[in-house]
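When a ligand or atom number is given, it counts from 1 through the structure's own listing order. What you see is a predicted model, and the numbers here were worked out from it, not measured in a lab.
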Amino acid sequence: MSTNSSQFRSKLGLIAATVGSAVGLGNIWRFPAEAQAGGGAAFLLVYILCVCILGIPVMVAEFSLGRAGRTDVIGAFINVTPKKRAWSLVGWLSVITPTLISIFYMVVTGWTLTYLWQSLSGNLYSGVTHTGADMGYFTEKMNQYIRTPEMPLLFTVAAVVLNLGVLLGGVSKGIERLSNILMPLLFVLLLIFCGVAMTLPGAGAGLEYFLKPDFSHITPPTILSALGQAFFSLSLGMGILVTYAAYYPARTRLVRTAITVVVLDMLVAVMMGIIIFPAIMTFGLEGHGLAGTTLVFVTLPEVFTHMPGSSAWSVLFFMLLVIAAITSTVSITEVATRCLQDRLNLSRRAAVFWLMIPILFLSAVCSQSFSTLGGFRLAGMNMFDFLDSVTANVMLPVASIGLCVYMGWIAPRKLLQNEMTNFGKFRSRLFVPVLMTVRYLAPLLILLVLISPLL
Ligand code: PFF
């Protein structure tokens, strides 16, 4: 096994990197869409409950496994219970799933890079007079973009190369340094957008919709989708938190770290709501979908046309999106990088290249899902949609259940307690609630999410 002893250097860096992983496109475009579908404030309320009651315990469990294992995800299972090697299959799943996710996420990251580029060059608004823009224009622009092969390919390659550069830098000089610079910038950008949203005429109506709950909207489907969103947004079940925690120093307090990460991740989602709902109320865009790519590539560019300096606003917005995407993709590719390093005893450099070259190839193929390879179908879907759907609907929930069952029932009980208290250095009142949640509540509820499409 490799004697890789990389660690995050500072407490702030460790938080920035973990929050960087959690804060991703899930917060920025998935959350507002889910919130709108779930009735605004009602969804927010259920979401906050899911994040606090389930998210924190499961995150603590993942951190504990990672720090106790001190290696890659598969190795962590083997190190913790050497006599129960079959459980390392959960580790395998936690490496394969994020690697599949990274393939289509690179494509999406490529889209965000394209739109940043197009905003910088002024191209995004070249056909728009400030008063005459409409959703049709931006819908057409997006369709045209993804249906031509060259640009998505080029920018997907750029996204993979960016990731490769960061990963080559290693944990502290690559991931930590990047997060230390980009995460504060992300919060500054969000604050600017919140400030602008507050000055819009529809701010009051938007905030009321987002913050004043109508309890009749709290239905079983709302609860299940809030739960799915909470897990996705906190990067649970992706092997990321197990991998990152292996780089946490022994003195790091895991419960505090989990609470900080969860609160910051939730804050970003709430800030996005504070930005989006006033904007759509002001410009009468309620009827337009927020789902998928519509919100970020159609609705918001349209909103910016109503503001002086549209190009500048879209530059800032797509910078925000690129930051969110890159700090997430480096975390997801780190899972398999670390795994190749430790399982095959490779140097960091070799592991990064062995991973990123196939990812480059597969993401390049995936970037053609809406153009040259649109006819290539897997279970009736193009490659992009297939990867998205299989990972989100099947592999992530199964990996999360596996992890909860393992940490709740199979791993020594002492392990969780030791990690939560830094080997008895302080007391943790949360030990029993965390254990009970990981044993019973979390696996049962995730199971419901998994089978809900069949019900
Ligand atoms: N928590 C991330 C998000 O909200 O976007 C989930 C994620 C997805 C992390 C894809 C990493 C990634 F590559």
Under 4.0 Å to a heavy atom of N27 - the qualifying atoms of ligand 1, by number
4 (O)

Looking only at the side chains, is there a donor atom on one of T112 and T109 sitting less than 3.5 Å from an acceptor on the other?
no

Under the ring-ring contact (aromatic ring centres under 6.0 Å, His included) test, residues paired with F104 that sit two or more places apart:
F384

What atoms in ligand 1 come closer than 4.0 Å to a heavy atom of G26?
3 (C), 4 (O), 5 (O)

At under 4.0 Å between heavy atoms, which part of S21 makes contact with ligand 1: side chain, backbone, both or neither?
backbone

Does any N or O atom in I101 lie less than 3.5 angstrom from one in ligand 1, N or O only?
no

What's the verdict on salt bridge (charged side-chain N to carboxylate O under 4.0 Å, His left out) for E334 and R348, showing C-alpha distance, side-chain angles and the deciding distance?
CA-CA 10 Å; E334 176 63 20; R348 172 110 195 148; 2.6 Å; yes

Hey, can you tell me if Y145 and W111 have their rings parallel, tilted or perpendicular (30° and 60° cut-offs)?
perpendicular

Does any N or O of ligand 1 fall below 3.5 Å from an N or O anywhere on Y105, backbone included?
yes

Under a 4.0 angstrom heavy-atom cut-off, which atoms of ligand 1 come close to S235?
1 (N), 2 (C), 6 (C), 9 (C)

What is the closest protein heavy atom to atom 11 (C) of ligand 1, and at what distance does it sit?
S328 O, 3.3 Å

Indicate, as side chain, backbone, both or neither, the part of L25 found under 4.0 angstrom from ligand 1 when only non-hydrogen atoms are considered.
backbone

Any chance you could lay out the side-chain hydrogen bond (donor to acceptor under 3.5 Å, both in side chains) test for S21 and S235, step after step, and finish with the verdict?
CA-CA 7 Å; S21 164; S235 300; 3.2 Å; yes

Could you go through Q368 and T372, starting from their C-alpha distance and side-chain angles, then the distance that decides it, and tell me whether this counts as side-chain hydrogen bond (donor to acceptor under 3.5 Å, both in side chains)?
CA-CA 6 Å; Q368 304 297 294; T372 40; 2.7 Å; yes

Under 30°, 30 to 60°, or over 60°: which ring-plane class applies to Y47 and F43, parallel, tilted or perpendicular?
parallel

What atoms of ligand 1 come closer than 4.0 angstrom to any heavy atom of I332?
10 (C), 11 (C), 12 (C), 13 (F)

Got the closest protein heavy atom to atom 6 (C) of ligand 1, with its distance?
F232 O, 3.4 Å

Any N or O of M238 that comes nearer than 3.5 Å to an N or O of ligand 1?
no

Below 3.5 Å, N or O to N or O, backbone or side chain included: is there any such pair between S331 and ligand 1?
no

Which part of A22 is near ligand 1, with near meaning a heavy atom under 4.0 Å away: side chain, backbone, both or neither?
backbone

So for ligand 1, is T329 a polar contact partner (N or O within less than 3.5 Å, distance only)?
no

Shortest non-hydrogen contact between L300 and F317, atoms and distance:
CD1-CZ, 3.3 Å

Check each atom of ligand 1 against the heavy atoms of S233 and keep those under 4.0 Å away; list them by number with element.
1 (N), 4 (O)

CA sep, side-chain torsions, deciding dist, call: W87, F77, ring pair (Phe, Tyr, Trp, His ring centres under 6.0 Å):
CA-CA 7 Å; W87 281 94; F77 283 88; 7.7 Å; no

Does any donor atom in the side chain of T18 or Y248 lie under 3.5 Å from an acceptor atom in the other side chain?
yes

